[in-house]
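These notes concern the structure reproduced below.
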Amino acid sequence: MFRVDLRSDTVTKPTATMRRVMFDAEVGDDVFGEDPSIRALEERTAEVLGKEAALFVPSGTMANQISLAVIANTGSEIYCSEKAHIFNYESGGISVIARAQLHTIPGDRGIFSAADVAKRLRPADDHFPVSRIIELENTMNGGGGAIWPLDMVAAHRELANQHGMWIHLDGARLWNAAVGSGVREETWASYADTVSVCFSKGLGAPVGSAIAGSRSFIEEAHRWRKRLGGGMRQAGIIASGALYAIDHHRDRLHDDHQRAKRLAEELNQYDVIDVDMEGVQTNIVWLTFKDDSALTMMNALKERGIGTIAFDGQRMRLVTHLDVDDEGIDQALLAFRELLSATS
Ligand SMILES: Cc1ncc(COP(=O)(O)O)c(C=O)c1O
């Protein structure tokens with residue numbers, strides 16, 4: 001459909017080697033606990049994240065929803081960014097599944113401080129919800145792929161400890177945060193009680209996410225996965241692609257980050273486009289079109305085989321990934337140049 005698809009890092013197709021690994025995967029009925037490829041992926045994920053155990057689930061949404069359902073008690077409150085995926089893009093699932101409420105917090109690129117949470121904590125009084133969970137997202141998708149400062153995450157941990165609260169980390173792109181910051185996944189995860197990660201985004205696997213945490217948390221999460229219909233059978237065929245991705249596609253994320261920087265630098269030179277250059281920290285670039293032409297531009301780029309997403313007249317998002325190489329970036333930049341010089 002697109003020559004160069006910059007709409008999302010979810011559009012990647014499995015590589016030839018990944019497909020071969022998947023073809024050869026040993027499988028069994030995972031609902032009976034008999035799929036060796038899934039076991040191997042869960043063990044490797046727990047190891048990379050430094051947690052006792054992990055659970056393979058079909059999607060990042062299910063990973064977040066299950067984690068929060070296990071931790072939240074009905075009527076409790078979860079603090080998160082106003083840009084958080086769980087708030088904006090999970091179909092209101094928290095109110096249906098965890099039956100908790102979200103308390104959203106503004107912040108710079110979706111990043112908020114422990115003090116921002118502290119001043120919103122609820123008194124111990126029947127009138128109020130129970131302050132229970134702090135949810136952090138790293139990298140922050142709605143914040144342009146920003147990486148959290150590690151000391152701010154540590155401050156959230158301290159606050160959570162003081163008030164008997166949990167921290168859930170939505171690490172759909174934790175791999176990008178690790179490569180972009182030089183801080184390992186295990187370190188980021190050490191500040192959280194529970195972590196969700198996705199294999200189907202920057203890592204390029206076709207399907208799958210995981211949740212990691214203590215063994216007792218994972219036992220409860222396992223029940224929730226069944227309850228939601230997420231128990232899969234011979235799913236080792238997809239888990240093996242994810243395992244391959246964890247071991248072979250993390251280091252290369254550096255290339256995606258470099259390409260995003262190049263896109264941002266070159267596009268920022270057009271008068272009509274504004275890029276928050278400091279915000280380009282990983283594989284996501286947000287463009288602001290000062291003349292309200294983002295939607296028109298998206299359609300014109302589409303006709304030239306370049307995929308982008310414009311959310312309104314001003315905001316367009318570009319995401320680099322495994323299936324966009326330097327030549328793809330050249331082609332995208334050329335299309336922008338031709339279109340922008342035609343209109344100026
Ligand atoms: C930060 C974040 N969390 C969770 C998800 C949900 O993942 P999935 O699409 O696999 O449900 C996404 C999807 O893009 C995401 O960006």
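The shown structure was predicted, so the numbers you read here are calculated from the model rather than taken from an experiment. Ligands are counted one by one from 1 in listed order, and the atoms in each one are counted from 1 as well.
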Problem - Derivation and outcome, side-chain hydrogen bond (donor to acceptor under 3.5 Å, both in side chains), residues S113 and D116 - result: CA-CA 5 Å; S113 68; D116 290 330; 3.2 Å; yes
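- Of all atoms in ligand 1, numbered sequentially from 1 with element shown, those under 4.0 Å from a heavy atom of A172 are 1 (C), 2 (C), 3 (N), 15 (C).
- Scanning the protein for heavy atoms near atom 1 (C) of ligand 1, the closest one is E137 OE2, 3.2 Å.
- Using cut-offs of 30° and 60° on the angle between ring planes, the pair H85 and Y89 is tilted.
- The distance criterion of under 3.5 Å between nitrogen or oxygen atoms is not met by S209 with respect to ligand 1.
- Note: an N/O pair closer than 3.5 Å links N141 and ligand 1 by distance alone.
- The only option from K201, R173, R259, R317 that meets the salt bridge (Lys or Arg N to Asp or Glu O under 4.0 Å) definition with D9 turns out to be R173.
- Taking distance alone, with nitrogen or oxygen atoms compared against 3.5 Å, T61 approaches ligand 1 more closely than that limit.
- Checking only distances, G60 does come within under 3.5 Å of ligand 1, N or O to N or O.
- Both the backbone and the side chain of S59 come within 4.0 Å of ligand 1, judged by heavy-atom distances.
- H257 and N176 are linked by a side-chain donor-acceptor pair at a separation below 3.5 angstrom, with hydrogens and angles left out of the test.
- For atom 3 (N) of ligand 1, the nearest protein heavy atom (residue, atom name, distance) is D170 OD2, 2.7 Å.
- For atom 5 (C) of ligand 1, the choice among H85, K83, M140, M62 with the nearest heavy atom turns out to be H85.
- Near N64, meaning under 4.0 Å from one of its heavy atoms, ligand 1 places the atoms 3 (N), 4 (C).
- Partner of Q281 under the side-chain contact (heavy atoms from CB on, under 4.5 Å) criterion, chosen from M140, K261, R109: R109.
- F199 and F56 have tilted rings, their planes meeting at an angle from 30° to 60° on a 0 to 90° scale.
- Rounded to the nearest 0.5 Å, atoms CE (M297) and CG (D291) are 8.0 Å apart.
- Contact annotation for I86 and ligand 1: no heavy atom of the residue comes within less than 4.0 Å of the ligand.
- Proximity annotation for atom 9 (O) of ligand 1: of R173, Q65, K201, K201 comes nearest, heavy atoms only.
- In terms of modelled atom types and a separation under 3.5 Å, the side chain of W188 and the main chain of V183 share a donor-acceptor contact.
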